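Working notes, beginning with the structure itself.
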Amino acid sequence: MHKPAITQVAINETIANRWSGRAYDASKIISPEQIVALLEAARWAPSCFGDQPWRFIVWDKNADAQTWQQAFDCLAPGNQTWVKDAPVLLLVCSDTLFNHNQQPNRWAQYDTGAAAENLCLQASSMDLMAHQMGGFNVDIARENFNIPAQFTPMAMICVGYPADIASLEGEVLTRETADRSRRPLNELFFAGHWGKSID
């Protein structure tokens, strides 16, 4: 299913075509080279002091189904209903401290989000689909995968090839087929002063 963003003016096609779909093709794997390309895109995101506060744990169902299942078990039941067909799962974590001086890094989560979005855009450019999720059990993930207390689990991402939406049903299908929308520019972007519309 192709659902490009409907924009006020033309934007980059990779950005317009990036979409968090839910229908994944269980028969198609992602190669190790493709996974590395996704991670390289994340690696080259900008960060304060070049600190690179993000850490990603990657689970490839094709290479290690057991640990992929452990990651899958961390997801909220509502996400599990459709993530089951995605071949790759990732957990995105953010360092709370700067690497160079071990002081609190208040920009770390902002920078980690940039790395995650780089990965999602790279996926889109490769005809893959990535979907970021907040619905997962942080405590179970931290325990199962030995995540140090210094790092904050932020989101899980599933990646795979899109499938026909016929594989979905119920509320998930309703959400999948709904029109894409965003709040208007004048609610989100201001000209010179807070609340003064940009357009």
Side-chain angles (χ1 to χ4, degrees), residues 1-7 10-47 52-65 67-69 71-72 74-76 78-94 109-136 141 145 153-168 172-173 175-182:
M1 188 171 184
H2 186 59
K3 291 179 72 170
I6 307 302
T7 57
I11 63 172
N12 179 278
E13 284 188 15
T14 297
I15 297 171
N17 290 330
R18 186 218 58 79
W19 176 54
S20 302
R22 295 173 181 83
Y24 285 89
D25 189 335
S27 70
K28 292 185 178 178
I29 67 170
I30 297 179
S31 71
E33 292 78 15
Q34 287 174 304
I35 292 173
V36 170
L38 296 172
L39 302 181
E40 280 288 7
R43 184 165 75 112
W44 286 97
S47 60
Q52 303 157 65
W54 49 81
R55 301 294 185 274
F56 288 62
I57 303 176
V58 183
W59 299 283
D60 178 359
K61 187 191 289 188
N62 185 58
D64 187 346
T67 55
W68 181 96
Q69 184 65 47
F72 178 83
C74 295
L75 291 169
N79 286 332
Q80 289 179 340
T81 61
W82 52 270
V83 174
K84 66 184 187 318
D85 294 327
V88 172
L89 284 169
L90 304 98
L91 176 63
V92 186
C93 298
S94 177
Q109 294 182 6
Y110 178 88
D111 295 341
T112 298
E117 180 65 358
N118 267 19
L119 183 146
C120 292
L121 291 173
Q122 179 66 28
S124 182
S125 77
M126 297 164 64
D127 297 323
L128 299 170
M129 189 165 63
H131 191 125
Q132 302 177 76
M133 300 166 285
F136 70 100
F145 302 106
M154 299 300 300
M156 291 186 73
I157 306 175
C158 61
V159 184
Y161 283 94
D164 191 295
I165 60 169
S167 63
L168 304 176
V172 176
L173 178 61
R175 294 169 69 185
E176 196 77 352
T177 55
D179 291 338
R180 293 185 69 187
S181 65
R182 288 293 187 274

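What's counted below: heavy atoms across the whole structure, side chains too, no hydrogens, waters or symmetry copies. Quick caveat, the model's predicted, so the values are computed rather than measured.
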Could you check if a side-chain atom of [X] sits within less than 4.5 angstrom of a side-chain atom of [Y], using non-hydrogen atoms only?
X	Y	answer
Asp64	Trp59	no
Phe72	Val83	yes
Met126	Leu38	yes

Taking all atoms of both residues into account, what is the closest heavy-atom pair of [X] and [Y], and its distance?
X	Y	value
Tyr161	Gln34	OH-NE2, 2.8 Å
Cys158	Leu89	CB-CD2, 3.7 Å
Pro153	Leu91	CB-CD1, 4.2 Å
Phe56	Leu90	CD2-CD2, 4.0 Å
Phe145	Cys74	CE1-SG, 4.1 Å
Ala116	Gln132	CB-OE1, 3.6 Å

Approximate separation, where rounding is to 0.5 Å, of [X] [atom1] and [Y] [atom2]:
X	Y	atom1	atom2	result
Met129	Cys120	CE	SG	11.5 Å
Trp44	Gln122	CH2	CD	14.0 Å
Ile35	Ser31	CD1	OG	7.0 Å
Trp54	Leu119	CH2	CG	12.0 Å
Tyr24	His131	OH	NE2	7.0 Å
Asn17	Ser125	CG	OG	10.5 Å

Thr112 side-chain N/O to Gln109 backbone N/O, donor-acceptor pair under 3.5 Å:
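Side chain of Thr112 to backbone of Gln109, a donor-acceptor pair under 3.5 Å: no, none is there.
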
Would you find a donor on one side and an acceptor on the other, under 3.5 Å apart, between the side chain of Asn62 and the backbone of Ile29?
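Side chain of Asn62 to backbone of Ile29, a donor-acceptor pair under 3.5 Å: no, none is there.
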
Which salt bridge (charged side-chain N to carboxylate O under 4.0 Å, His left out) pairs, counting each pair once, include a residue from residues 23-38, with sequence neighbours left out?
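Those involving residues 23-38 do not exist here.
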
Pairs touching residues 52-61 that satisfy salt bridge (charged side-chain N to carboxylate O under 4.0 Å, His left out), sequence neighbours left out
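Qualifying pairs, neighbours excluded: none.
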
For atom CG of Asp127, is the number of surrounding heavy atoms from other residues, nucleotides or ligands below 6.0 Å larger than 12?
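Check fails, neighbour count at 12 or below.
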
How about Glu13: does its CD atom have over 12 heavy atoms from other parts shown lying under 6.0 Å from it?
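Open.
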
Return yes if a side-chain donor-acceptor contact under 3.5 Å exists between Arg18 and Ser20, otherwise no.
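Note: Arg18 and Ser20 side chains meet the donor-acceptor criterion.
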
